[in-house]
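Structure first, commentary second.
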Amino acid sequence: MNKILFAAICILLLGVVPVICNAQVDPRWKIHDPDRPAPPVIDSGTQSTQDSPGRPPSDAVVLFDGKDLSKWGHKDGSAAKWKVENGYFEVVPKTGEIHTREAFGDCQLHVEFAEPAPPKGEGQDRGNSGVFLQGLYETQVLDSYQSKTYADGQASAIYGQYPPLVNASRPPGQWQTYDIVFHGPRFAKDGKLLRPARETVFHNGVLVQDNVELSGPTAHGKRPPYEPQPEKLPLALQDHNHPVRYRNIWIRELKTQD
Ligand code: MG
(Lines give C-alpha, C1' and ligand atoms only; values in the text may rest on other atoms or scores of the structure.)
Protein backbone atom coordinates (compact mmCIF):
# COMPACT_ATOMS: atom_id res chain seq x y z
CA MET A 1 0.00 0.00 0.00
CA ASN A 2 1.15 3.43 -0.83
CA LYS A 3 2.72 5.08 2.27
CA ILE A 4 0.68 8.29 2.02
CA LEU A 5 -2.56 6.34 1.69
CA PHE A 6 -1.59 4.16 4.68
CA ALA A 7 -0.80 7.26 6.79
CA ALA A 8 -4.10 8.84 5.75
CA ILE A 9 -6.06 5.73 6.81
CA CYS A 10 -4.22 5.64 10.17
CA ILE A 11 -5.01 9.30 10.86
CA LEU A 12 -8.64 8.71 9.90
CA LEU A 13 -8.91 5.68 12.23
CA LEU A 14 -7.27 7.56 15.10
CA GLY A 15 -9.86 10.27 14.67
CA VAL A 16 -12.86 8.00 14.28
CA VAL A 17 -12.24 5.20 16.80
CA PRO A 18 -12.58 7.34 19.95
CA VAL A 19 -15.82 8.76 18.57
CA ILE A 20 -17.52 5.41 17.96
CA CYS A 21 -16.20 3.59 21.04
CA ASN A 22 -17.79 4.47 24.35
CA ALA A 23 -15.37 2.48 26.43
CA GLN A 24 -11.85 1.24 25.96
CA VAL A 25 -9.45 -0.27 28.46
CA ASP A 26 -7.52 2.67 29.85
CA PRO A 27 -3.83 2.19 28.94
CA ARG A 28 -2.71 4.30 31.91
CA TRP A 29 -3.40 1.45 34.37
CA LYS A 30 -1.93 -2.05 34.42
CA ILE A 31 -4.28 -4.96 35.08
CA HIS A 32 -5.45 -5.13 38.74
CA ASP A 33 -3.41 -2.01 39.46
CA PRO A 34 -3.79 -1.26 43.20
CA ASP A 35 -3.23 2.44 42.51
CA ARG A 36 -6.16 2.69 40.11
CA PRO A 37 -8.79 5.00 41.71
CA ALA A 38 -11.88 3.25 43.09
CA PRO A 39 -15.28 4.36 41.74
CA PRO A 40 -17.34 6.70 43.92
CA VAL A 41 -19.50 4.99 46.51
CA ILE A 42 -23.23 5.72 46.20
CA ASP A 43 -26.48 4.55 47.76
CA SER A 44 -28.22 2.64 44.96
CA GLY A 45 -31.73 3.42 46.24
CA THR A 46 -34.66 1.02 46.16
CA GLN A 47 -37.04 -0.48 43.59
CA SER A 48 -40.56 0.88 43.18
CA THR A 49 -43.67 -1.16 43.91
CA GLN A 50 -47.20 -0.55 42.65
CA ASP A 51 -47.98 1.08 45.99
CA SER A 52 -44.98 3.33 46.37
CA PRO A 53 -42.15 4.75 44.29
CA GLY A 54 -38.62 3.61 45.09
CA ARG A 55 -35.82 5.80 46.34
CA PRO A 56 -33.54 7.15 43.58
CA PRO A 57 -29.79 6.49 43.61
CA SER A 58 -28.00 9.05 45.78
CA ASP A 59 -26.13 10.59 42.84
CA ALA A 60 -29.23 11.09 40.66
CA VAL A 61 -30.82 14.44 39.84
CA VAL A 62 -34.41 14.04 40.98
CA LEU A 63 -36.77 15.61 38.46
CA PHE A 64 -40.00 14.71 40.27
CA ASP A 65 -40.23 13.49 43.84
CA GLY A 66 -44.00 13.41 44.16
CA LYS A 67 -44.42 16.94 45.41
CA ASP A 68 -44.20 19.61 42.71
CA LEU A 69 -43.23 20.42 39.14
CA SER A 70 -40.69 23.11 40.02
CA LYS A 71 -38.05 21.40 37.83
CA TRP A 72 -40.37 21.65 34.80
CA GLY A 73 -41.97 24.35 32.68
CA HIS A 74 -43.65 24.93 29.34
CA LYS A 75 -41.80 26.01 26.21
CA ASP A 76 -42.48 29.71 26.90
CA GLY A 77 -40.90 29.36 30.36
CA SER A 78 -44.20 29.44 32.26
CA ALA A 79 -44.85 27.08 35.20
CA ALA A 80 -46.05 23.58 34.29
CA LYS A 81 -49.85 23.44 34.26
CA TRP A 82 -50.04 19.67 34.64
CA LYS A 83 -51.91 18.36 37.68
CA VAL A 84 -49.95 17.18 40.75
CA GLU A 85 -51.73 14.95 43.27
CA ASN A 86 -51.13 11.91 45.47
CA GLY A 87 -47.44 11.66 44.60
CA TYR A 88 -47.85 11.74 40.82
CA PHE A 89 -48.51 14.29 38.11
CA GLU A 90 -50.90 14.00 35.19
CA VAL A 91 -50.96 15.46 31.70
CA VAL A 92 -53.57 18.19 31.43
CA PRO A 93 -54.66 17.95 27.79
CA LYS A 94 -53.98 20.94 25.55
CA THR A 95 -51.65 22.68 28.02
CA GLY A 96 -48.64 21.64 25.93
CA GLU A 97 -45.52 19.58 26.55
CA ILE A 98 -43.34 20.25 29.57
CA HIS A 99 -39.55 20.57 29.62
CA THR A 100 -36.99 20.29 32.38
CA ARG A 101 -35.53 23.64 33.34
CA GLU A 102 -32.09 22.04 33.29
CA ALA A 103 -30.40 20.68 30.14
CA PHE A 104 -28.94 17.16 29.95
CA GLY A 105 -26.57 15.29 27.66
CA ASP A 106 -25.62 11.60 27.82
CA CYS A 107 -27.64 10.09 30.64
CA GLN A 108 -29.35 7.27 32.47
CA LEU A 109 -33.02 8.17 32.90
CA HIS A 110 -35.69 6.55 35.04
CA VAL A 111 -39.36 7.36 34.37
CA GLU A 112 -42.52 5.79 35.77
CA PHE A 113 -45.91 6.19 34.14
CA ALA A 114 -49.45 4.85 34.40
CA GLU A 115 -51.96 4.71 31.56
CA PRO A 116 -55.52 6.01 32.05
CA ALA A 117 -57.90 3.43 33.55
CA PRO A 118 -60.37 2.49 32.32
CA PRO A 119 -58.77 2.83 28.87
CA LYS A 120 -60.28 5.08 26.25
CA GLY A 121 -59.68 4.95 22.49
CA GLU A 122 -57.51 2.61 20.45
CA GLY A 123 -54.07 2.59 18.82
CA GLN A 124 -52.32 5.96 18.92
CA ASP A 125 -55.40 7.49 20.53
CA ARG A 126 -55.01 5.47 23.75
CA GLY A 127 -52.86 6.83 26.55
CA ASN A 128 -50.41 8.57 24.25
CA SER A 129 -47.58 10.65 25.68
CA GLY A 130 -43.84 10.41 25.22
CA VAL A 131 -40.41 10.85 26.74
CA PHE A 132 -38.48 13.20 24.49
CA LEU A 133 -34.77 12.92 25.19
CA GLN A 134 -33.18 16.30 24.60
CA GLY A 135 -36.65 17.41 23.53
CA LEU A 136 -36.02 15.74 20.15
CA TYR A 137 -35.93 11.94 20.38
CA GLU A 138 -39.14 10.24 21.49
CA THR A 139 -39.44 7.01 23.42
CA GLN A 140 -43.15 6.39 22.97
CA VAL A 141 -45.49 6.27 25.95
CA LEU A 142 -48.74 4.54 24.94
CA ASP A 143 -51.26 2.06 26.29
CA SER A 144 -50.15 -0.97 24.26
CA TYR A 145 -51.72 -3.51 26.59
CA GLN A 146 -54.04 -5.56 24.37
CA SER A 147 -54.27 -2.60 21.99
CA LYS A 148 -52.81 -2.66 18.49
CA THR A 149 -51.05 0.07 16.58
CA TYR A 150 -48.16 0.25 14.12
CA ALA A 151 -45.10 -1.47 15.61
CA ASP A 152 -42.75 1.51 15.47
CA GLY A 153 -45.29 3.58 17.40
CA GLN A 154 -46.24 1.27 20.26
CA ALA A 155 -45.12 1.65 23.88
CA SER A 156 -41.31 1.82 24.26
CA ALA A 157 -40.77 2.18 20.51
CA ILE A 158 -38.25 4.74 19.37
CA TYR A 159 -41.09 6.46 17.56
CA GLY A 160 -41.01 5.96 13.81
CA GLN A 161 -37.70 4.09 13.94
CA TYR A 162 -37.54 1.02 16.17
CA PRO A 163 -40.35 -1.19 17.53
CA PRO A 164 -39.50 -2.62 20.95
CA LEU A 165 -38.03 -6.15 20.99
CA VAL A 166 -41.06 -7.32 22.98
CA ASN A 167 -44.29 -5.79 24.23
CA ALA A 168 -43.74 -5.66 28.02
CA SER A 169 -46.76 -3.41 28.71
CA ARG A 170 -48.75 -3.70 31.91
CA PRO A 171 -52.51 -3.12 32.10
CA PRO A 172 -53.78 0.46 32.28
CA GLY A 173 -53.72 1.94 35.77
CA GLN A 174 -50.60 0.00 36.80
CA TRP A 175 -47.29 1.77 37.27
CA GLN A 176 -44.71 0.99 34.58
CA THR A 177 -41.04 1.90 34.29
CA TYR A 178 -38.68 3.01 31.58
CA ASP A 179 -34.97 2.83 32.28
CA ILE A 180 -33.13 4.49 29.45
CA VAL A 181 -29.46 4.88 28.58
CA PHE A 182 -28.97 7.63 26.05
CA HIS A 183 -25.89 8.88 24.27
CA GLY A 184 -26.59 12.03 22.32
CA PRO A 185 -25.24 12.84 18.88
CA ARG A 186 -21.98 14.69 18.36
CA PHE A 187 -21.23 17.22 15.69
CA ALA A 188 -18.02 18.68 14.29
CA LYS A 189 -17.51 22.44 14.42
CA ASP A 190 -18.72 22.68 10.82
CA GLY A 191 -21.98 20.93 11.77
CA LYS A 192 -21.11 17.54 10.28
CA LEU A 193 -22.49 14.56 12.20
CA LEU A 194 -19.64 12.75 13.98
CA ARG A 195 -21.76 10.16 15.75
CA PRO A 196 -25.52 9.50 15.84
CA ALA A 197 -27.50 9.21 19.09
CA ARG A 198 -27.77 5.73 20.65
CA GLU A 199 -30.39 4.44 23.03
CA THR A 200 -31.03 1.44 25.25
CA VAL A 201 -34.41 0.99 26.95
CA PHE A 202 -35.71 -1.39 29.62
CA HIS A 203 -39.52 -1.47 29.90
CA ASN A 204 -40.64 -2.80 33.26
CA GLY A 205 -37.13 -4.21 33.65
CA VAL A 206 -37.12 -5.99 30.27
CA LEU A 207 -34.68 -5.04 27.50
CA VAL A 208 -36.70 -3.58 24.62
CA GLN A 209 -34.17 -1.36 22.81
CA ASP A 210 -30.63 -2.69 22.58
CA ASN A 211 -28.22 0.18 21.94
CA VAL A 212 -29.99 1.23 18.73
CA GLU A 213 -28.64 3.98 16.49
CA LEU A 214 -31.16 6.75 15.97
CA SER A 215 -31.69 7.99 12.41
CA GLY A 216 -32.36 11.54 13.62
CA PRO A 217 -35.01 13.47 15.56
CA THR A 218 -38.55 12.17 15.95
CA ALA A 219 -41.30 13.29 13.60
CA HIS A 220 -44.67 11.91 12.55
CA GLY A 221 -44.67 10.18 9.14
CA LYS A 222 -41.08 11.05 8.31
CA ARG A 223 -37.50 10.63 9.49
CA PRO A 224 -35.81 14.01 9.33
CA PRO A 225 -32.00 14.16 9.31
CA TYR A 226 -29.92 15.38 12.25
CA GLU A 227 -29.43 19.10 12.70
CA PRO A 228 -26.45 20.39 14.68
CA GLN A 229 -27.48 20.80 18.32
CA PRO A 230 -25.89 21.52 21.69
CA GLU A 231 -24.56 18.55 23.70
CA LYS A 232 -27.09 19.29 26.42
CA LEU A 233 -30.78 20.07 25.98
CA PRO A 234 -33.85 19.82 28.24
CA LEU A 235 -35.82 16.60 28.56
CA ALA A 236 -39.50 16.89 27.52
CA LEU A 237 -42.73 14.99 28.17
CA GLN A 238 -45.41 15.03 25.52
CA ASP A 239 -48.96 16.33 25.84
CA HIS A 240 -50.91 14.18 23.39
CA ASN A 241 -54.29 15.08 24.89
CA HIS A 242 -54.43 12.03 27.16
CA PRO A 243 -54.31 12.11 31.00
CA VAL A 244 -51.22 9.89 31.40
CA ARG A 245 -49.67 9.94 34.89
CA TYR A 246 -45.99 10.13 35.85
CA ARG A 247 -44.05 9.67 39.08
CA ASN A 248 -40.50 9.09 40.35
CA ILE A 249 -38.43 10.63 37.56
CA TRP A 250 -34.67 10.85 37.99
CA ILE A 251 -31.64 11.21 35.78
CA ARG A 252 -27.92 10.51 36.09
CA GLU A 253 -25.58 12.29 33.74
CA LEU A 254 -22.97 10.04 32.14
CA LYS A 255 -19.40 11.04 31.70
CA THR A 256 -18.26 9.06 28.70
CA GLN A 257 -15.26 9.34 26.45
CA ASP A 258 -15.94 11.37 23.36
MG1 MG B 1 -46.25 9.96 21.89
Side-chain angles (χ1 to χ4, degrees), residues 63-64 69 72-75 80-83 88-100 104 107 109-117 119-182 184 197 199-204 206 208-209 212 214-224 233-249 251:
L63 295 173
F64 180 70
L69 282 170
W72 301 80
H74 291 288
K75 222 168 197 170
K81 297 175 193 74
W82 293 10
K83 187 167 70 179
Y88 59 80
F89 65 90
E90 186 177 295
V91 178
V92 174
K94 307 220 184 290
T95 54
E97 63 187 30
I98 59 171
H99 296 250
T100 53
F104 300 99
C107 64
L109 173 68
H110 177 85
V111 175
E112 301 185 19
F113 64 96
E115 293 294 338
K120 209 175 138 205
E122 285 297 334
Q124 293 293 304
D125 191 34
R126 181 169 163 128
N128 196 334
S129 180
V131 176
F132 274 76
L133 291 145
Q134 303 197 316
L136 293 168
Y137 311 100
E138 184 183 20
T139 306
Q140 173 70 305
V141 171
L142 194 77
D143 181 0
S144 291
Y145 183 79
Q146 298 176 353
S147 176
K148 210 168 157 26
T149 186
Y150 43 89
D152 64 10
Q154 70 179 71
S156 74
I158 309 294
Y159 188 81
Q161 299 182 29
Y162 295 97
L165 296 170
V166 292
N167 181 351
S169 297
R170 290 180 180 148
Q174 288 193 19
W175 285 105
Q176 310 195 51
T177 58
Y178 282 167
D179 287 284
I180 297 172
V181 180
F182 177 75
E199 190 174 340
T200 297
V201 182
F202 292 85
H203 183 186
N204 297 326
V206 175
V208 290
Q209 301 289 350
V212 293
L214 275 57
S215 64
T218 301
H220 177 65
K222 56 185 174 186
R223 295 186 183 127
L233 284 167
L235 171 74
L237 296 174
Q238 185 185 40
D239 168 12
H240 204 286
N241 296 328
H242 300 156
V244 176
R245 292 175 179 173
Y246 289 94
R247 73 173 189 185
N248 196 25
I249 303 178
I251 193 165

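Remember, it's 1-based here, ligands and their atoms both numbered in the order they're listed. Predicted model, so just to flag it, every value in this text is computed and none were measured.
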Q: Show all protein N/O/S atoms under 2.8 Å from the Mg ion (ligand 1), or state that there are none.
A: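 Under 2.8 Å from the Mg ion (ligand 1) - ignoring waters, which are not counted - the protein N, O or S atoms are Asn128 OD1, Ser129 O, Glu138 OE2, Gln140 OE1, Gln238 OE1.
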
Q: Given ring-ring contact (aromatic ring centres under 6.0 Å, His included), test His110 with Tyr178 step by step and report yes or no.
A: CA-CA 6 Å; His110 177 85; Tyr178 282 167; 9.8 Å; no

Q: Using the ring-ring contact (aromatic ring centres under 6.0 Å, His included) rule, take Tyr88 and Phe113 through it: C-alpha gap first, then chi angles, then the decisive distance, then the call.
A: CA-CA 9 Å; Tyr88 59 80; Phe113 64 96; over 10 Å; no

Q: With rounding to the nearest 0.5 Å, note down the distance linking CG in Leu165 to OG in Ser156.
A: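 Rounded to the nearest 0.5 Å, the CG-OG separation comes out at 8.5 Å.
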
(Q) Could you check whether any side-chain heavy atom of Glu115 comes within less than 4.5 Å of a side-chain heavy atom of His242, counting everything from C-beta outward? (A)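 With C-beta onward as the side chain, the pair stays apart.
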
Q: Decide whether a cation-pi geometry holds between Arg170 and Trp175; the criteria are a distance under 6.0 Å from NZ or CZ to the six-membered ring centre and an angle within 45° of the ring axis.
A: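 So Arg170 doesn't make the cation-pi contact.
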
Q: Evaluate side chain to side chain contact (heavy atoms under 4.5 Å, CB included) for Gln134 paired with Phe104, printing each intermediate quantity in order.
A: CA-CA 7 Å; Gln134 303 197 316; Phe104 300 99; over 6 Å; no

